[in-house]
Amino acid sequence: MKYISTRGQAPAVNSVEALLNGIAPDGGLYIPEVTLKGLEPLPAGADFRTTMEALLERFFDDIPADVRQHAVAASLARFRAEDVVPLKSFGKTHFLELFHGPTYAFKDVALTLLPHLMHYAAKVKGIERVCVLTATSGDTGSAAMQGFAGIEGTEVLVFYPQTGTSEIQRRQMVCCPGENVHACAIQGNFDDAQAAVKAAFADEALNAQAQAAGCLLSSANSINIGRLFPQICYYIDCARRLGEPFDVVVPTGNFGNILAAHFASMLGAPIQRLVVASNANRVICDFVQAGQYDARREFYITNSPSMDILISSNVERLLYLLTQGDTDRVREMIQGQKSEGLFALPAEAQAAMKVRYASGWATPEETESAIRAIWDKYHYLADPHTAIGWKVLQEQPDTGRPVVIAGTASPWKFPVTMMRALTGETIADEFAAAEALAAFSGETPALLDLREATIRHSDVVAKDKVPEAIVRTFAL
Ligand SMILES: *Cc1c(COP(=O)(O)O)cnc(C)c1O
């Protein structure tokens, strides 16, 4: 499998190179060269594991089979649920619980796997150290740290917004053990963190300095093919379990998870509608409805912090798909976004999007009402992100098909919001809120051990001091 850039000005590479580069040298995102020629269907295997093995064989075919198998085994060993991603079904509404990995959010699916692939990629390319830089709105950071901790030849530095993550999310990062993983707060929001990390990758002096120190700067954000493609697995596995055509609703931020569903449908999973669920930062919701991506708007800190994003990286891959690989057009649109803060889809591309995509959004208040409504209706605890998915689903026309809502995080990551939603009571201390939530719901709490965990990473930097933090942390 060869990967080309969405901007059309970088050489085709194999998966090992795409994994290590993260982003293509022309600034674009890697996408399989065969994408538009039609991907061969990828039938589900007997279970999640065999589907994942088949998926890796397809997308990472230059990595030896034993390395891939070891990666899958090591990844799945870290999941608490026997079927990895349980499906909780209430009539035609299904919650696909993607959060039974080490950090209780869906990002664990790819991030328990990717480090093993990267370790191999570095070895085969003779790279001493892969230094992974990641911007996080809350969940990617801890998942990257947990995934890479102890993986030889790799190091991780995570930048997270100083305000915006929950206390539990913050502790999952700052208390994460492992000599080779680091977290640093940035005085700004997620978009600031993401922009700073992107700038670091484009910083030639910094990259040269890293190279001289035997280190390759790479990324574990969902721009990396090692993040995006493993996520396809659970949609294909879901198709096996449902056995009939279905729609998906995906709480969306950086557009990675829903794009994985889009790829799953191109690989033969009978997914009909793809429904984007946004929070108050509803730039993608509006994009789906109006065909114009306009990031010139106020940024809100919400109670679904992992979706507090205005510049959504993976939209670039969607633009490539919607324009039938018109890389000049993609470049123009991304340029427009950079210089004016907005771009519009060509009419045909907008029509193509309307055929597959729908969207909706929820305010923080509506998010809490949805948590409450889901509990009242099904006696089910849905985290704020997942609850937005359910709320958006209620506004969609009933197609009669089953609908799978991506359950992107565990409710135990956001106990304060859960309690306020369910009881009206605001318990500011997150751990006290978790205990109250356990008492309220009768369910077993999780993540309480973070209360006593030792803080290991306390760096804070201004948003223009990120390069210095990188040099310091990786000792470049
Ligand atoms: C990351 C995340 C999202 C957004 O996923 P994208 O792939 O960035 O669209 C939604 N919910 C939760 C809980 C997340 O951690």
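Heavy-atom basis, side chains included; hydrogens, waters and symmetry copies ignored. In listed order, ligands and their atoms are each counted from 1.
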Checklist entry - Angle class for the H262/Y357 ring planes (parallel below 30°, perpendicular above 60°, tilted otherwise)? => result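 If you compare the ring of H262 with that of Y357, the planes turn out tilted.
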Checklist entry - In terms of the angle between their ring planes, are W375 and F440 parallel, tilted or perpendicular, with boundaries placed at 30° and 60°? => result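 It falls in the tilted class, 30° to 60°.
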Checklist entry - Under the ring pair (Phe, Tyr, Trp, His ring centres under 6.0 Å) test, which residues partner F414, sequence neighbours left out? => result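 Once residues adjacent in sequence are excluded, the partners of F414 under the ring pair (Phe, Tyr, Trp, His ring centres under 6.0 Å) criterion are H385.
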When you pair each N or O of ligand 1 with protein N or O atoms, which pairs come out under 3.5 Å?
unit_1	atom_1	unit_2	atom_2	d
ligand 1	7 (O)	G256	N	3.2
ligand 1	7 (O)	N257	N	2.8
ligand 1	8 (O)	N254	N	2.7
ligand 1	9 (O)	G253	N	2.8
ligand 1	9 (O)	N254	N	3.2
ligand 1	9 (O)	F255	N	3.0
ligand 1	11 (N)	T408	OG1	2.9
ligand 1	15 (O)	K107	NZ	2.5
ligand 1	15 (O)	D139	OD2	2.5

Ignoring hydrogens, what is the shortest heavy-atom contact between [X] and [Y]? Give both atom names and the distance.
{"X": "Q231", "Y": "N257", "value": "OE1-CA, 3.5 Å"}
{"X": "A469", "Y": "L157", "value": "O-CD2, 4.1 Å"}
{"X": "I374", "Y": "A382", "value": "CD1-CB, 3.8 Å"}

